[in-house]
Amino acid sequence: MNPAVTVGVLAAGAMGVGEAIGYIVSQLIGGITGALLLRTVLGGAETGLGMPALAHNLALGATSLTITPEAGFTIEGWALSARIRGFALPIRNL
């Protein structure tokens with residue numbers, strides 16, 4: 001989930017205020033930690049991370065990576081089909 005979904009679940013009455021605050025704080029800490037980890041591992045602003053565009057010539061060490069719209073749709077389709085067939089980790093349903 002993300003904080004917006006958590007607020008929606010709270011508004012629907014499916015969780016308490018204390019639990020929602022705990023979820024939101026955890027989600028924000030996890031997001032910031034993940035962003036800092038990616039920045040450290042992939043080299044920060046020079047890679048274009050955080051830009052609202054597909055990854056064109058993303059440098060991963062000595063390798064350059066470009067994600068085209070076709071490749072993005074293929075990756076998403078593969079992930080969805082794996083989820084449907086039960087090969088992915090289960091997503092917790094609320």
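All values derive from a computational prediction rather than experimental measurement.
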Partners meeting side chain to side chain contact (heavy atoms under 4.5 Å, CB included) with Leu36 (sequence neighbours left out):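 By the side chain to side chain contact (heavy atoms under 4.5 Å, CB included) rule, Leu36 matches Ile32.
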
Test side chain to side chain contact (heavy atoms under 4.5 Å, CB included) applied to Leu37 - qualifying residues, sequence neighbours left out: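 So Leu37 forms a side chain to side chain contact (heavy atoms under 4.5 Å, CB included) with Val41.
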
Where Pro3 and Leu28 come nearest, the two heavy atoms and their spacing: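 That would be CG-CD2, 4.2 Å.
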
Joint cluster assignment, Met15 & Val5, ILVMFWY side-chain distance < 4.5 Å: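 In one cluster with Met15: Val5, yes.
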
Leu10-Ile21 co-clustered via ILVMFWY side chain contacts under 4.5 Å: yes

Spacing of CD belonging to Gln27 relative to CG belonging to Asn2, to within rounding of 0.5 Å: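 Gln27 atom CD to Asn2 atom CG measures 6.5 Å (nearest 0.5 Å).
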
